[in-house]
Amino acid sequence: MNEKISRFLAESEPETPCLVIDLDVIRDNFLALREALPLARIFYAVKANPATPILALLRDLGACFDAASIFEIRDCMALGIGADRLSFGSTIKKRRHIAEAYEQGVRLFAFDSAAELDKLALAAPGARVFCRIFMEGAGADWPLSKKFGCDVEMARDLLIDAAGRGLVPYGVSFHVGSQQRDLGQWDVACARTALIFTALRARGIELKMVNIGGGFPARYRQEIPGATDYGHAIMAAVTRHFGNNLPEIIAEPGRGIAGDAGVIQTEVVLISKKSYGDQRRWVYLDIGKFGGLAETMDEAIKYRLRTPHDGGPEGPVVLAGPTCDEVDVLYDKANYHLPLALAVGDKVEILSAGAYTTTYCSVGFNGYPPLKEHYI
Ligand SMILES: *Cc1c(COP(=O)(O)O)cnc(C)c1O
């Protein structure tokens with residue numbers, strides 16, 4: 001755990017559970033990605049953590065922003081972020097929300113279907129639109145497959161159609177899946193994207209932009225490559241498939257910027273066994289799936305944990321949240337071990353928890369208040 005966060009926790013003894021974000025790490029992560037991808041414009045995926053201190057910091061560093069809803073667009077604009085730095089990246093938008101964004105000056109929109117293109121043609125005439133293509137999410141711990149994107153053939157036709165309907169067919173986007181640990185996935189995606197560029201060129205339409213999405217990882221239990229490895233793999237993929245005629249590149253990191261910047265401090269509420277012969281202890285924390293740890297669904301994201309007894313003898317545990325709901329179990333199959341000395345009242349830290357936590361918190365499920373947040 002980083003020293004700045006440790007010191008804050010020791011000195012302020014905040015009420016738990018709480019998330020503490022070190023804004024210096026947000027800055028470092030942003031700068032590292034920008035350095036790893038010097039040819040790309042970085043659009044921070046606001047949904048990963050939309051806290052005002054993060055948005056303001058990234059605004060001042062010159063970032064652009066990928067918004068998942070009109071509400072995120074409003075939040076960004078309220079902070080003085082210009083419409084020219086915003087992309088409305090959701091493929092599922094109400095027509096009146098498209099119209100509002102357009103009135104506010106937003107000119108960059110995603111789509112992946114004919115019906116969404118209809119809405120854009122009506123509500124955002126002349127806007128630049130990009131079509132999201134389907135990716136399987138192989139290699140990703142939190143895949144974004146099935147629900148998003150269309151196949152290459154359909155994307156080609158929709159982009160051609162966009163040109164005939166007063167929109168600017170601007171490019172192609174994809175998302176290789178969140179927490180993507182396979183660097184080869186960008187190559188697969190760029191190959192598909194290049195096919196569409198070629199097909200459109202044959203129709204006299206020059207696409208300009210490749211949106212390489214997110215997928216940049218945070219450090220959970222498994223080791224991950226560094227930002228520069230991602231940069232090299234992505235630039236190699238783009239170069240392989242586009243040659244010297246490089247398109248404009250956009251990246252949309254969310255987790256890769258916010259994840260490692262945050263620590264959630266929790267408290268052990270109960271340690272128990274279900275029978276005398278039970279080999280595993282049940283450890284109940286004051287945070288669970290409904291307190292912000294929704295990405296433990298299917299045990300997909302495996303957070304690293306710190307306890308005051310690390311280094312001592314350990315035993316296997318089932319880790320669970322505090323609510324009266326059967327599904328509020330964090331890890332049962334993922335083979336977590338915690339120190340035998342762990343006791344009720346101990347503080348346990350959940351590392352790299354800065355992304356996709358605060359906003360996943362329920363609105364008072366079982367009466368628990370939302371996850372507290374500290375930005376230092
Ligand atoms: C969620 C999302 C992102 C961010 O993904 P990460 O894996 O967190 O980087 C980027 N682009 C789009 C369109 C998204 O929906």
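Remember, it's 1-based here, ligands and their atoms both numbered in the order they're listed. Just so we're clear, the structure is a prediction, and the values are computed from it rather than from any experiment.
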Quiz item: Is it true that Ala48 lies under 4.0 Å from ligand 1, counting heavy atoms only?
Solution: no
Quiz item: Hey, which atoms in ligand 1 end up nearer than 4.0 Å to a heavy atom of Ser178?
Solution: 6 (P), 7 (O), 8 (O)
Quiz item: Is the centre of the Phe65 ring less than 6.0 Å from the centre of the Phe43 ring?
Solution: no
Quiz item: Does a sphere of radius 6.0 Å around CE in Met154 hold more than 12 heavy atoms from other residues, nucleotides or ligands, not counting ones at 6.0 Å or beyond?
Solution: no
Quiz item: Measuring from the heavy atoms of Gln180, does anything fall under 4.0 Å of ligand 1?
Solution: no
Quiz item: Is the count of non-hydrogen atoms from other residues, nucleotides or ligands lying under 6.0 Å from His374 atom NE2 greater than 12?
Solution: yes
Quiz item: Near Arg132, which atoms of ligand 1 are under 4.0 Å from a heavy atom of that residue?
Solution: 13 (C)
Quiz prompt | Distance filter under 4.0 Å to His175 heavy atoms, resulting ligand 1 atoms | solution = 2 (C), 3 (C), 4 (C), 5 (O), 6 (P), 7 (O), 10 (C), 11 (N), 12 (C), 14 (C)
Self-check item: Distance filter under 4.0 Å to Pro253 heavy atoms, resulting ligand 1 atoms
Solution: 9 (O)
Quiz item: Ring centroid separation for Phe134 and Phe148, is it under 6.0 angstrom?
Solution: no
Practice problem: Could you list which atoms of ligand 1 come closer than 4.0 Å to a heavy atom of Ala45? | Solution: 3 (C), 4 (C), 10 (C)
Quiz item: Is there any N or O on Gly215 that sits under 3.5 Å from an N or O of ligand 1?
Solution: yes
Quiz item: With respect to atom 1 (C) of ligand 1, which of Gln179, Lys47, Arg255, Glu252 exhibits the smallest heavy-atom separation?
Solution: Lys47
Exercise. Kindly indicate whether a cation-pi arrangement holds for Lys274 with Trp282, taking the cut-offs as under 6.0 Å to the six-membered ring centre and within 45° of the axis.
Key: yes
Quiz item: Can you check salt bridge (charged side-chain N to carboxylate O under 4.0 Å, His left out) on Lys146 and Glu136, steps first, answer last?
Solution: CA-CA 7 Å; Lys146 289 192 295 204; Glu136 293 77 6; over 6 Å; no
Quiz item: Think Arg107 forms a cation-pi with Phe88, using NZ or CZ under 6.0 Å from the six-ring centre and within 45 degrees of its axis?
Solution: no
Quiz item: Are Arg255 and Tyr356 in a cation-pi contact, defined as NZ or CZ under 6.0 Å from the six-membered ring centre and within 45° of the axis?
Solution: no
Practice problem: Tell me, please: is Tyr356 in heavy-atom contact with ligand 1, that is, under 4.0 Å? | Solution: yes
Quiz prompt | Minimum-distance protein heavy atom relative to atom 9 (O) of ligand 1 | solution = Gly254 N, 2.9 Å
Self-check item: Gly214 N/O to ligand 1 N/O under 3.5 Å
Solution: no
Quiz item: Applying a strict 4.0 Å limit to heavy atoms, is Gly256 in contact with ligand 1?
Solution: no
Exercise. Please confirm whether Trp186 and Phe216 have ring centers closer than 6.0 angstrom.
Key: yes
